[in-house]
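The structure presented is a predicted model; accordingly, all values stated were derived computationally and were not measured. Computed over heavy atoms, backbone and side chain alike; hydrogens, waters and symmetry mates excluded. First listed ligand is number 1; within each ligand, the first listed atom is number 1.
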Amino acid sequence: MKTHSALLPVLTLIISSFILAQGPPPADWRTPTEICEYRCTPRYEETLAYIRRVAAAAPKQVKIEPWGKTGEGRELVGVVVSKDGVFDPAAIHKADRPVVYIQNGIHPGEIEGKDASLALLRDMVVTKARANLLERAVVIIVPVYNIDGHERVSRYNRINQNGPEEMGWRAQSNNLNLNRDYLKADSVEARQFLAYFTKWLPDFFIDDHVTDGADYQYDVTYSIDFGPDVDPALAAWQRDELRPYIERSVTDSGHVIGLYVGVGEANPTKGLKMVQDEPRFSTGYMILQNRPGLLVEMHMLKDYKMRVLGNYELLRAILEKVNTDADKLLKMNRAVDAATIAAGKAYDPGRKMALRTAPSERSKPFHYLGYKRNQVLSEISGAVWNQYTREPENIDIPLYNDFQPTLTVAPPRAYIVPAQWVHVIEVLRAHGVQMQATTAAWESEVETYRCEPHWHNTLFEGRHPMSIGDFNADSSHYQPMCKAVKEKLSYPAGSMVVPLDQRAARVAVHWLEPDAPDSAVQWGFFDAIFEQKEYGEPYVLEPLAREMLAKDPVLKAEFEKKLVEDKAFAGNPDARLNFFYDHSPYYDSRIGLYPVGRLANLEGIPVK
Ligand SMILES: [Zn+2]
């Protein structure tokens with residue numbers, strides 16, 4: 001068809017006056033998940049593209065800060081959001097502005113925190129609808145921590161979860177779960193996180209996840225640790241002030257918020273047993289760093305839109321409270337740091353630090369918003385399974401969250417780690433723990449332990465650890481493996497003295513006390529000390545045994561008693577012969593002797 005050229009000027013005029021009257025269309029600041037109406041979540045590059053666009057629109061408030069590379073070489077970034085363009089941690093701490101660290105995608109299948117964070121970022125600095133959240137606080141958003149896992153995309157990565165259409169994978173590229181790696185720091189990601197964390201030392205830490213486990217009415221769940229291993233003032237603030245505020249505020253926004261009900265709580269009528277996170281978890285690690293941490297667990301079966309919006313409201317509510325209580329929070333964080341340093345200046349054998357805790361039998365009534373369940377006998381499994389309905393069941397049940405220490409230790413004045421245990425020392429260094437190398441060899445009697453190990457018989461996080469269960473490890477039945485002893489030990493030059501009058505003292509205690517839940521011993525860093533390296537040949541041990549039995553009636557009685565009482569021993573010829581090797585001067589007395597020393601004071605230790 002030909003153009004009616006005579007009409008063109010008229011059309012042009014109409015169009016231009018329309019544009020003049022309306023102005024340019026408003027920029028589209030919808031986040032990628034908003035654009036696809038919460039069916040999808042953006043890949044890492046698309047996520048960064050949106051963040052860069054926001055940063056370009058608000059360069060004074062947003063700084064994209066690279067802090068490392070993943071195993072596969074992708075760039076880890078923190079998005080620092082500050083109202084006035086001050087992005088320097090020292091200047092921010094000095095100006096009494098609390099730093100809030102929001103971590104997303106440690107489990108990349110559980111990804112709504114990322115999409116909620118993008119919306120929050122936009123609302124803080126572009127639409128400014130949430131500019132108030134930056135009044136006092138500086139926010140660091142890590143859009144995705146486990147980026148390599150995030151890019152391992154599939155529709156089938158989260159069997160229990162309702163959307164988005166595709167999502168990332170739980171483990172990083174060495175198949176490690178980063179949320180078990182905080183203290184042992186095996187992964188390159190954890191090592192770099194620790195450096196970034198130490199650089200910023202945030203005042204409040206948030207870790208965004210999605211649940212597995214029971215079905216219930218709550219779409220937003222969370223947990224905070226306030227057991228006996230948490231500073232009492234920080235615990236009280238989290239329990240009595242933060243918790244009521246966020247519960248009320250998130251409820252007012254139209255979501256159903258409740259405490260995180262852990263995996264396996266399929267029968268809530270028996271009550272809810274809460275857990276304190278151990279230091280392999282992000283929030284448990286925060287306890288060692290004297291900082292409050294909050295675990296967000298959005299409910300897996302709620303649709304993605306509800307989860308993104310609920311996650312957003314929880315982040316907003318926490319940030320509101322941190323802004324309101326900024327002075328109080330900073331004062332508490334500084335006080336607990338100062339108290340940690342002061343307590344570390346002298347060895348007080350009467351001072352007890354909790355290493356393991358468990359809920360007591362004391363419970364409180366708790367109003368639980370569940371769903372009715374039909375318990376059905378399955379012809380497939382042969383067991384009873386829960387068929388959830390969507391019919392609300394509001395019941396009063398017991399809540400067990402009165403935590404008591406189940407294992408404590410009196411921290412020494414300092415530890416000394418022999419120079420040759422380089423991997424153990426490297427981990428301390430990664431955590432920013434301050435140490436001093438000895439300048440000469442040193443030998444002395446020190447407090448240490450003799451340990452009888454019992455290894456876990458299954459793999460866990462690429463290791464064969466001791467007594468570590470995967471999740472919600474119940475510390476109430478833990479039997480210590482180690483006995484305190486005093487031994488004369490020698491330390492070569494270059495051994496590391498770790499004084500405990502430092503802010504991160506609790507990290508050192510948890511890493512170096514062998515019965516602590518995530519210690520170097522538990523994770524297998526000291527496995528070699530338990531190996532027997534020399535063995536007696538049977539034709540050598542046979543005459544030796546006869547000689548020993550003839551000379552030593554006490555030993556003879558012990559041997560005979562063991563033959564009667566220990567059937568496994570009696571039936572094992574090698575063990576029977578080894579009994580004599582073990583009682584002979586040939587036996588290696590260092591087997592099971594922990595080489596790290598606990599020092600009561602620093603006198604005479606050769607350090608500069
Ligand atoms: Zn998770």
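- The atom of H107 that is an N, O or S and sits closest to the Zn ion (ligand 1) is ND1.
- Ion pairing between a basic and an acidic side chain is recognised when a charged N comes within 4.0 Å of a carboxylate O; R316 and E313 show such pairing.
- Nearest N/O/S atom of E110 with respect to the Zn ion (ligand 1) is recorded as OE1.
- If you check the side chains of Q192 and Y196, you find no donor sitting under 3.5 Å from an acceptor.
- Distances from the Zn ion (ligand 1) to the N/O/S atoms of H209 are shortest for ND1.
- At a cut-off of 2.8 Å, E297 does not coordinate the Zn ion (ligand 1) through any N, O or S atom.
- With sequence neighbours excluded, no residue satisfies salt bridge (charged side-chain N to carboxylate O under 4.0 Å, His left out) with K69.
- Checked against side chain to side chain contact (heavy atoms under 4.5 Å, CB included), W385 has the following partners two or more places apart in sequence or in another chain: V376, S378, Q387.
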